[in-house]
Amino acid sequence: MIYFLVGLGGVAGSLCRYLLSVMAVEIWGKDFPYGTLMINLTGAFLLGFITNQFSGSNKLHPYLYTALTTGVIGSYTTFSTLCLETVHLLETGKYIFGLLYVGVSFFGGLLVVRTGMTLSERAKRLRRVL
């Protein structure tokens, strides 16, 4: 049952992400990724709020908690999870790990995006030659 609920939450989160992205482009244009910024910040806020309110409590069924956090917010943005995990590392005194996690996630993310783009371009050129 939990798999179904997480999947259902994933559908809801990804649809919200898409709709907000489209609305942001219509309102503010494409010069800056306003939609993504708004999604990442609201997702981080919601994950922090829900986690603080309901983690380890009996106020919300564990399946519903997982459907909301992993399903809805997880498909809405994974940036929120990065932020929450970093806060947990910092709050538990693991400052080096927290900074390392942020640094590797950000700069590693930039590196692998650029690597993927470069390999894709090479593959396109190779297809043209063949």
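Heavy atoms only: backbone and side chains are in, while hydrogens, waters and symmetry mates are out.
Atoms CZ and CZ, from Arg122 and Arg125 in turn, are 7.0 Å apart once rounded to the nearest 0.5 Å. Atom OG1 of Thr66 sits about 11.0 Å away from atom OH of Tyr3, to the nearest 0.5 Å. Here the SG atom belonging to Cys83 is positioned 11.5 Å from the NE2 atom belonging to His88, to the nearest 0.5 angstrom. The distance from atom NZ of Lys94 to atom CG of Leu100, rounded to the nearest 0.5 Å, is 13.5 Å. Atom OG of Ser105 sits about 4.5 Å away from atom CG of Leu82, to the nearest 0.5 Å.
The hydrophobic cluster containing Tyr63 also contains Phe4, counting ILVMFWY residues as joined when their side-chain heavy atoms lie under 4.5 angstrom apart, directly or transitively. Cluster membership for Leu99 and Leu89, using ILVMFWY side-chain heavy atoms within less than 4.5 angstrom, is not shared. Hydrophobic cluster membership is shared by Leu84 and Leu68, with clusters built from Ile, Leu, Val, Met, Phe, Trp and Tyr side chains linked at under 4.5 angstrom. Note on Leu46: it clusters hydrophobically with Phe54, by side-chain heavy-atom contacts below 4.5 Å among ILVMFWY residues. Under the 4.5 Å side-chain heavy-atom criterion for ILVMFWY residues, no single connected hydrophobic cluster contains both Leu64 and Leu8.
Screening residues 92-130 for ring pair (Phe, Tyr, Trp, His ring centres under 6.0 Å) gives no qualifying pairs among residues at least two apart or on separate chains.
Residues Leu41 and Phe45 have side chains not in contact (no heavy-atom distance under 4.5 Å, counting atoms from C-beta outward). Inter-residue side-chain proximity for Ile39 and Phe79 is flagged as unmet; no heavy-atom pair is nearer than 4.5 Å. Residues Met1 and Leu5 have side chains in contact (heavy-atom distance under 4.5 Å, counting atoms from C-beta outward). Side-chain contact check for Leu111 versus Arg114: every heavy-atom pair is 4.5 Å or farther apart. Put simply, the side chain of Thr69 reaches to within 4.5 Å of the side chain of Leu47, judged on heavy atoms. A heavy-atom distance below 4.5 Å is not found between the side chains of Thr70 and Tyr65.
In the displayed structure, Phe49 atom CZ is contacted under 6.0 Å by at most 12 heavy atoms of other residues, nucleotides or ligands. Atom CG of Leu126 has more than 12 heavy atoms from other residues, nucleotides or ligands within 6.0 Å.
The two residues Ile73 and Ser80 have their closest heavy-atom pair at CG2-OG, 3.3 Å. Tyr76 approaches Arg17 most closely through the heavy-atom pair O-NH1, 2.7 Å.
A donor-acceptor contact shorter than 3.5 Å links the side chain of Ser75 to the backbone of Ser14.
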